[in-house]
2 protein chains.
Amino acid sequence: MAGAKVTIYQVAARAGVSPATVSRVLNGARVSEESERLVRAAAEELAFTPDRTARRLRRQYSEVIALIIPDIENPFFTALARGVENRASAAGYSVVLCNTDDDPARESTYIDIALADHMAGVILAPADEASDVSRLVARKRPVVAVDRSLNRDDVDAVTVDNRAGGLSAARSLYAAGFTRVACITGPSTVETAQLRMEGWRQAERRHGGAGGDELLRYADYRVDGGRAAMAELLALPEPPDAAVVANNLMAAGALDALYDVGLTPARFGLAVFGDLPHASFSRQGIRVVDLPARELGEAAANLLLDRIAGDDGPARTVVLHTDRRLESR
Amino acid sequence: MAGAKVTIYQVAARAGVSPATVSRVLNGARVSEESERLVRAAAEELAFTPDRTARRLRRQYSEVIALIIPDIENPFFTALARGVENRASAAGYSVVLCNTDDDPARESTYIDIALADHMAGVILAPADEASDVSRLVARKRPVVAVDRSLNRDDVDAVTVDNRAGGLSAARSLYAAGFTRVACITGPSTVETAQLRMEGWRQAERRHGGAGGDELLRYADYRVDGGRAAMAELLALPEPPDAAVVANNLMAAGALDALYDVGLTPARFGLAVFGDLPHASFSRQGIRVVDLPARELGEAAANLLLDRIAGDDGPARTVVLHTDRRLESR
DNA sequence: GAAGTACGAGAAATCGATTTCGTCAAGAGT
DNA sequence: ACTCTTGACGAAATCGATTTCTCGTACTTC
């Protein structure tokens, strides 16, 4: 059929009514049965699709929400995205995924885009502490932080109880008989990295640890960082016999480092935050603190949808619990 | 500062020029140095950001490309997305990712959105053969199919040489001494599944295979499908001693099935299309046909950008070669 | 010195849908 | 019988930026 643009005016002409009436039919406003019939028929015949850009300009609003994540290749974030998407599309919203690669500049660009595109709201998994959502807040656009909070009391957030997770990860290793439990965590500027480490530290103290930093390594939440940190730990004069690793990718790297020197998770205890879907961590005897990634996404979407619907109560923080699969094997 | 909307009119007033001039400054048209200075200063002070929706409406064009994929949790597609994004953002385009979950209806919705949103172009990893891009073609919007072709001679496509990959995967198993090599491929309606299977079949014939379908299983490209298919094969009266698996997820499932009965890839040969980032397929002795996912994305983006730039020559099909890592271990 | 050429810039039209404002007519209320 | 609602619907304003169209001034070129 028509290769060209069909506008509301053509539909109006075809149906013998005014453009205003066509718009009313499309948006469910009061219209006579007769007009409605005519307009629908005309729209059908002309294969009319309303121009969303024009609508958005007029309405200053679009049913799209932006989900900004730091790393699209990390399964944790894709699972989270899936959760957001499920809730959002059930509510009639589309989700556009924006990948920042941990780059604050790109994050900032995407925030601008969300704003300039009149998106309904933004769910942000912050790249780092410097994330600046003030423009969104100033324009009163709904925002929800997920995974990491933004240290602002005026922004909704969804997180997990990282400290408790760190604590139980470390405990389960001690309980299994390991005695020198190290910790490989993320960048010291990142909230989740700090909290997970603090959980570990708490357990360590209780088991007579020195409380020093000898067994603590800050890495970058990436595979190579995990590998390097583990290699360092293994090279210590008095190396650990187990480790809590603060995220899934670093655990993959740490595992490589173990295999490199002929160790396995059976002999060197490993507990990790967050699974890696097909890496069969648990089949290899690694203890996993289950991060409810999809649920995080769903909770964030719920919060955001509430705000979009007009809820303007004080900011809420939802804390999800880490499921313990630690006793397994 | 202002929490409210700043328009081009306010900037114009502040700078003492007309809105038209502001627009010219923003778009690099001819303007006197003096005006330019004034406008820039005013825009700066007011923290002006142009409304992209208005611009888009007027220009009937936006610098956003849609990437539509069937499964955001499959690392193959996220790697592909990464490739698209790299090329696109280098060229100044943003990418929005749309996840269809293999649902043709959602795919269709996203195509409509891309159209109604005046997006610059669409890169589509088709959910299945029914994918309908005719609306895009009719409106002369650039489209590129990736991974699977659309069987249309008027649409650019980027694929890999699936048949050759299937052939060499099977061959490498025979070369390693396995004698009954099975094949677990995707849905029979999917092009890539057919071609990979045909490559396997070719090798099988050459090695005296019966050419029957006893050792062939069609599954669904998902983990569970792979597991079930492998379980079936193992339960045969005369089971195979190796298998070519047509994608990464099914291989993960197949592997589970092997472990379930106490087999390992060392004893039961396994060759798979596409790696699974942290599953350490090759460490486990699995032969991997390397799918250049990122490169597929980059190639698709290149093609699309050419079209966006105005190239309207005949449709091209780019075929990338599967890297063989098969001799490894 | 007259005619021709550029160039900077403002006024106004435009993109396509939504929404406000009024009008007109039919039914309700007194 | 007359005013008051109420409902359907067209004309026109609106959203914010871009893009003609036009005009006045300055600079060439014979």
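Atom set for the values below is all heavy atoms of this structure, side chains included, hydrogens, waters and symmetry mates excluded. Letters go in sequence order (proteins before strands), and every chain restarts at 1.
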* **B/S/- contact track for nucleotides 5-11 of chain D, protein heavy atom under 4.0 Å** => --SSBBB
* Please name the residue in the list A:T159, A:V160, A:V318, A:L291 that meets the side-chain contact (heavy atoms from CB on, under 4.5 Å) test with A:L296. => A:V160
* To do: Describe the nucleic acid contact of A:S23 in one word from base, sugar-phosphate, nothing, applying a heavy-atom distance below 4.0 Å.
  => base
* Touch check for A:Y61, heavy atoms < 4.0 angstrom, all strands: base, sugar-phosphate only, or nothing? -> nothing
Over how many whole Å does the gap from [X] atom [atom1] to [N] atom [atom2] extend?
X	N	atom1	atom2	result
B:H118	D:dT18	NE2	P	15 Å
A:Q60	D:dG16	CD	C1'	8 Å
B:L38	C:dG10	CG	P	11 Å
B:Y9	C:dA11	OH	P	11 Å
A:Q10	C:dC15	CD	P	11 Å
B:K5	D:dA17	NZ	C1'	16 Å
A:L26	C:dG16	CG	P	15 Å
B:R55	D:dC15	CZ	P	19 Å

* **Nucleotide nearest B:A54 (side chain, heavy atoms from C-beta), chosen from D:dA17, C:dG16, C:dT18** => D:dA17
* Would you indicate, yes or no, if D:dT14 has its OP1 or OP2 atom less than 4.0 angstrom from a side-chain nitrogen or oxygen of A:R58? => no
* Reckon B:R59 has a side-chain N or O less than 4.0 Å from the OP1 or OP2 of D:dT19? -> yes
* Got more than 12 heavy atoms from elsewhere within 6.0 Å of CZ, A:R222? -> no
* To do: Assess the side chains of A:S94 and B:Y110: does a donor N or O sit below 3.5 Å from an acceptor N or O?
  => no
Is any side-chain heavy atom of [X] less than 4.5 Å from a side-chain heavy atom of [Y]?
X	Y	value
B:D156	B:T317	no
B:N86	B:R294	yes
B:T49	B:V6	no
A:D51	B:H118	yes
B:D71	B:F76	no

* Residues A:E85, B:R106: salt bridge by 4.0 Å N-O rule -> yes
* If we fit an axis to the first five pairs and another to the last five of the helix from C:dG1-D:dC30 to C:dT30-D:dA1, what angle do they make, to the nearest 10°? -> 40°
